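Working notes, structure below.
Any value given below was found using the heavy atoms of this structure, including those in side chains, with hydrogens, waters and symmetry copies removed. On a predicted model such as this, the values are computed, not experimentally measured, just so you know.
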Amino acid sequence: MTTDNPSSENNEQDARPKNFVEQIVEADLAANTHAGRVHTRFPPEPNGYLHIGHAKSICLNFGIAQNYGGKCNLRFDDTNPAKEDTEYVDSIKEDVQWLGFQWDGIYFASDYFQQLYDLAVQLIKDGKAYICSLSPEETREYRGGWDGVGQDSPYRDRSIDENLDLFQRMKAGEFSDGEHTLRAKIDMASANMNMRDPAMYRIKHVHHHRTGDQWCIYPMYDFAHGISDSIENITHSICTLEFEHHRPLYDWFLDELDIFRSRQYEFARLNITHTVMSKRRLLELVEQNHVTGWDDPRMPTISGLRRRGYTPEAIRSFCSRIGVTKQNSTHDIAWLEDALRAQLNKEAPRRAAVLRPLKVVIENFPEGHEETMEAVNNPEDPSAGTRQIPFTRELYIERSDFMEDPPKKFFRLGPGREVRLRYGFFITCTDVIKDEQGNITELRCTYDPETRGGQAPDGRKVRGTIHWVSAKHAVNAEVRLYDHLFQKQDPSNVEEGQSYLENLNPNSLEVLTQCKLEPSLKDALPGERFQFERLGYFCVDAKESATDQLVFNRSVTLRDTWAKMQKKG
RNA sequence: UACCCCAUAGUGUAAUGGUAGCACAAGUGGUUUUGGUCCACUUAGUCUAGGUUCAAAUCCUAGUGGGGUAGCCA
């Protein structure tokens with residue numbers, strides 16, 4: 001088990017307190033429970049794309065293997081062919097590797113169909129399982145509610161020979177879907193519904209993405225999962241809280257079969273504000289075209305985050321910081337954003353980009369003249385060096401960096417005000433040009449040649465520094481600004497009878513097509529990340545950007561105390 | 001209605017019978033050619049009631065609140 005950057009993160013791991021699963025692993029190691037062996041697995045069902053919640057599980061499972069000298073398998077839990085597809089298998093493999101993890105073994109529950117079948121036969125022979133011929137509706141009635149006890153199936157006492165015969169004929173395809181099931185014979189009076197003779201096999205005449213039409217009976221999760229763990233000698237089978245009630249059944253199968261005893265531990269799944277995390281809902285967003293696909297940059301999927309510009313390191317750092325507990329909780333999406341900022345602040349090269357351009361003409365700057373200015377690529381990383389940017393008479397600045405009637409706390413440009421153009425000159429606004437509708441179309445300014453590079457020899461200070469792009473050299477680009485997918489922190493918080501879809505943020509995507517970038521951005525590569533100074537972190541869209549029509553995605557904004565002040569009024 | 005799990009600043013987590021910490025958020029100030037970064041400081045917490053103990057966030061009981069469970073889904 002390896003990551004692409006283990007050393008720096010091991011320090012982070014050491015600094016972090018151990019979560020309860022790690023404490024269990026350490027206790028097992030101390031007690032020599034498995035002769036020093038630690039083996040986990042990440043077991044997705046290939047019926048959807050991985051999301052940030054899966055990343056938590058991936059980091060936990062692969063992280064434990066990594067930190068305790070163990071192994072971690074990738075296992076596809078593909079026991080329900082009706083919902084599964086190889087498209088999902090491929091995306092899951094890609095996402096796990098992109099996150100920086102490499103599995104020790106890659107397996108499919110479907111690899112074990114024959115072994116599973118044989119073990120089921122063994123349980124029948126031991127009198128621990130039987131063929132039930134109740135309909136699904138009858139089964140539900142017989143199971144009973146949680147105030148009382150269930151009723152034994154009338155087929156519960158079929159002879160072993162009859163069970164064996166029927167099971168073999170189920171497998172041979174003699175029956176149609178739903179006609180029979182194989183059930184574990186446990187306890188119809190149990191307070192735990194999972195123990196009221198749970199189904200082990202059902203008939204499904206469905207094509208399986210790996211085994212084709214070889215099988216028409218498929219094992220249920222509870223039967224298949226624990227046995228798969230056991231076959232792979234998994235020591236710590238880590239899953240989410242909703243499987244807590246299944247643990248007695250997990251244990252029951254392994255005990256009755258007397259095979260390697262994996263242990264199941266449950267932790268709380270990840271929730272994040274302003275988004276949804278269930279596969280069902282994510283699928284719904286995709287199918288109803290509320291987003292453009294699983295990899296829409298607004299989606300909390302790994303592929304969406306990747307396209308948005310998130311780094312594997314940022315996601316791992318986030319997963320490490322949120323902790324692992326049994327408490328249901330919801331993390332502020334700001335935590336995730338902060339993890340990205342923390343990394344990109346250190347690594348992303350700085351560039352100038354004007355998203356909503358306003359033309360500035362510097363009247364005392366000679367027409368046709370060009371100056372070359374030197375700009376720092378990353379103040380957090382001197383080794384990133386500098387670059388040259390052209391300065392000319394006509395520039396673009398951000399419309400929001402000018403106010404005709406600015407309040408006193410506004411440090412930027414206004415009539416008669418002087419500001420610094422970053423890595424440029426001080427300029428003073430002398431005139432405001434408007435069209436017939438009164439819209440500002442252009443600013444007239446003068447510059448102070450003595451302030452080249454941004455310092456005034458007379459020592460005078462300006463409060464504001466704004467970014468700019470030479471109009472003549474500007475590269476045109478499309479920039480997509482993303483906001484939270486849902487307006488409310490909790491999208492499920494709706495009026496009675498309404499859907500979480502009511503909470504979709506209609507402004508989660510804003511497309512800007514007239515953006516002006518500094519010339520060095522012309523050759524930006526798909527996926528490449530930059531900080532656009534004073535604005536945020538952006539990446540070249542890996543899917544839709546082209547050399548002649550650049551498309552950038554805003555990954556996350558910079559912290560903006562000015563915007564915060566404005567909001568408060 | 002039954003059973004299971006959970007409960008610590010706004011949020012998320014630590015303290016594993018012995019000084020309630022940390023991070024994010026929020027706020028104040030400093031530095032700054034990004035209203036970024038960085039630095040300092042401030043606000044703010046053990047659900048309730050009993051019990052055990054020299055000592056309880058921690059153990060026990062009950063209550064309250066939240067979550068989960070009656071698929072031939074995983």
Q. With sugar-phosphate meaning primed atoms plus P, OP1 and OP2, does A/Tyr423 contact a base, only sugar-phosphate, or nothing at under 4.0 Å between heavy atoms?
A. base

(Q) Could you work out, with ring-ring contact (aromatic ring centres under 6.0 Å, His included) as the rule, every residue matching A/Tyr112, not counting sequence neighbours? (A) none

Q) Rounded to the nearest 0.5 Å, what separation is found between the CD1 atom of A/Ile238 and the CG atom of A/Asn61? A) 4.5 Å

Q | Pairwise P distance for B/rU43 and B/rG27, with rounding to whole Å | A | 16 Å

Q | Residues which pass side-chain hydrogen bond (donor to acceptor under 3.5 Å, both in side chains) with A/Ser133, listed by chain and number, not counting sequence neighbours | A | A/Arg158, A/His180

(Q) Whole angstroms only, please: what is the CZ-P distance between A/Arg196 and B/rC3? (A) 12 Å

Q.
Using a heavy-atom cut-off of 4.0 Å across all strands, would you classify A/Glu266 as base, sugar-phosphate, or nothing?
A. nothing

Q: Using the test side chain to side chain contact (heavy atoms under 4.5 Å, CB included), find all partners of A/Ala120 that sit at least two apart in sequence or belong to another chain.
A: A/Phe167, A/Leu182, A/Met200, A/Tyr201, A/Phe223

Q. Within less than 4.0 Å of OP1 or OP2 of B/rU8, is there a side-chain N or O belonging to A/Gln327?
A. yes

Q: Scan A/Ser190 against the nucleic acid and name what it touches under 4.0 Å (heavy atoms): base, sugar-phosphate only, or nothing.
A: nothing

Q: List in chain and number order the residues that pass salt bridge (charged side-chain N to carboxylate O under 4.0 Å, His left out) with A/Arg529, two or more places apart in sequence or in another chain; answer none if no residue qualifies.
A: none

Q | Contacts of type side chain to side chain contact (heavy atoms under 4.5 Å, CB included), residue A/Asp448, not counting sequence neighbours | A | A/Glu450, A/Thr451, A/Arg460

Q) Closer to the 5' end of RNA chain B via nearest nucleotide, is it A/Lys461 or A/Lys56? A) A/Lys56

Q | Intra- and interstrand pairs of RNA chain B - dot-bracket, Watson-Crick/G-U under 3.5 Å, | marks other strand | A | .((((((..((((....[..)))).(((((.......)))))....(((((..]....))))))))))).....

(Q) For the C1' atoms, the ones on B/rU19 and on B/rU11, what distance do you get once it is rounded to whole angstrom? (A) 26 Å

Q. Under 4.0 angstrom, heavy atoms only, what part of the nucleic acid is A/Arg183 near: base, sugar-phosphate, or nothing?
A. nothing

Q. Rounded to the Å, how far apart are A/Gln343 CD and B/rU37 C1'?
A. 15 Å

Q: Could you pull out all residues at least two apart from A/Arg341 that satisfy salt bridge (charged side-chain N to carboxylate O under 4.0 Å, His left out)?
A: none

Q. Sequence neighbours excluded, which residues qualify as salt bridge (charged side-chain N to carboxylate O under 4.0 Å, His left out) partners of A/Asp251?
A. A/Arg261

Q. To the nearest Å, how far apart are A/Asp560 CG and B/rU37 P?
A. 10 Å

**Q.** Contact letters for nucleotides 67-74 of chain B, in which S counts primed atoms plus P, OP1 and OP2 and B counts the base, heavy atoms under 4.0 Å
**A.** SBBBSBBB

Q.
Using OP1 and OP2 only, check whether a side-chain N or O of A/Ser329 sits under 4.0 Å from B/rU13.
A. yes

Q | Between B/rG66 (C1') and A/Asp490 (CG): distance, integer Å | A | 13 Å

(Q) Could you tell me how far B/rU64 sits from B/rA74 if I compare only their P atoms? Round to whole Å. (A) 36 Å

Give every pair of a protein N or O atom and an N or O atom of nucleotides 25-30 of chain B that lie under 3.5 Å apart, one pair per line with the distance.
residue	atom	partner	partner atom	Å
B/rA25	OP1	A/Arg559	NE	3.2
B/rA25	OP1	A/Arg559	NH2	2.9
B/rA26	OP1	A/Lys564	NZ	3.2
B/rG27	OP1	A/Lys568	NZ	2.9

Q: May I ask you to verify if any side-chain N or O of A/Arg534 is less than 4.0 angstrom from the OP1 or OP2 atom of B/rG35?
A: yes

Q: Check side chain to side chain contact (heavy atoms under 4.5 Å, CB included) between A/Leu558 and all other residues, then give those that pass, not counting sequence neighbours.
A: A/Gln531, A/Tyr537

Q: Check the angle between the aromatic planes of A/Tyr49 and A/Trp294 and answer parallel, tilted or perpendicular using the 30° and 60° thresholds.
A: parallel

**Q.** C1' gap between B/rC24 and B/rU31, integer Å
**A.** 23 Å

Q | Listed partners of A/Trp252 passing ring-ring contact (aromatic ring centres under 6.0 Å, His included), at least two apart | A | none

Q.
Between C1' on B/rU11 and CD on A/Glu337, what's the gap in Å once rounded to a whole number?
A. 14 Å

(Q) Between the base of B/rG35 and the side chain of A/Gln566, is one N or O donor paired with an acceptor at under 3.5 angstrom? (A) no

**Q.** Whole-Å C1' distance, B/rG18 and B/rC59
**A.** 15 Å

Q | Nucleotide B/rA14, atom P - distance to CD of A/Glu22 in whole Å | A | 10 Å

(Q) Would you measure the distance from the C1' atom in B/rC72 across to the matching atom in B/rC6 and give it in whole Å? (A) 32 Å

**Q.** Atom CZ of A/Arg463 with >12 non-hydrogen neighbours under 6.0 angstrom
**A.** no

Q. Given the C1' atoms of B/rG12 and B/rG71, what is the spacing between them in whole Å?
A. 34 Å

Q. Are A/Asn47 and A/Glu45 linked by a side-chain donor-acceptor pair shorter than 3.5 Å?
A. yes

Q: Considering only atom C1', compute the distance from B/rU42 to B/rG10 and round it to an integer number of Å.
A: 16 Å

Q) Starting at CD of A/Glu533 and ending at P of B/rU37, how long is that distance when rounded to a whole Å? A) 13 Å

Q) A/Tyr88 and A/Phe76: aromatic ring centres closer than 6.0 Å? A) no

Q. In whole angstrom, what separates A/Met403's CE from B/rG35's P?
A. 16 Å

Q: Select from A/Phe20 and A/Arg412 the residue whose nearest nucleotide in RNA chain B is closer to the 5' end of that strand.
A: A/Phe20

Q: Would you indicate what A/Phe410 reaches in the nucleic acid, counting non-hydrogen atoms under 4.0 angstrom: base, sugar-phosphate, or nothing?
A: base

Q. For B/rG71, does the glycosidic angle fall within 90° of 0 (syn) or outside that (anti)?
A. syn

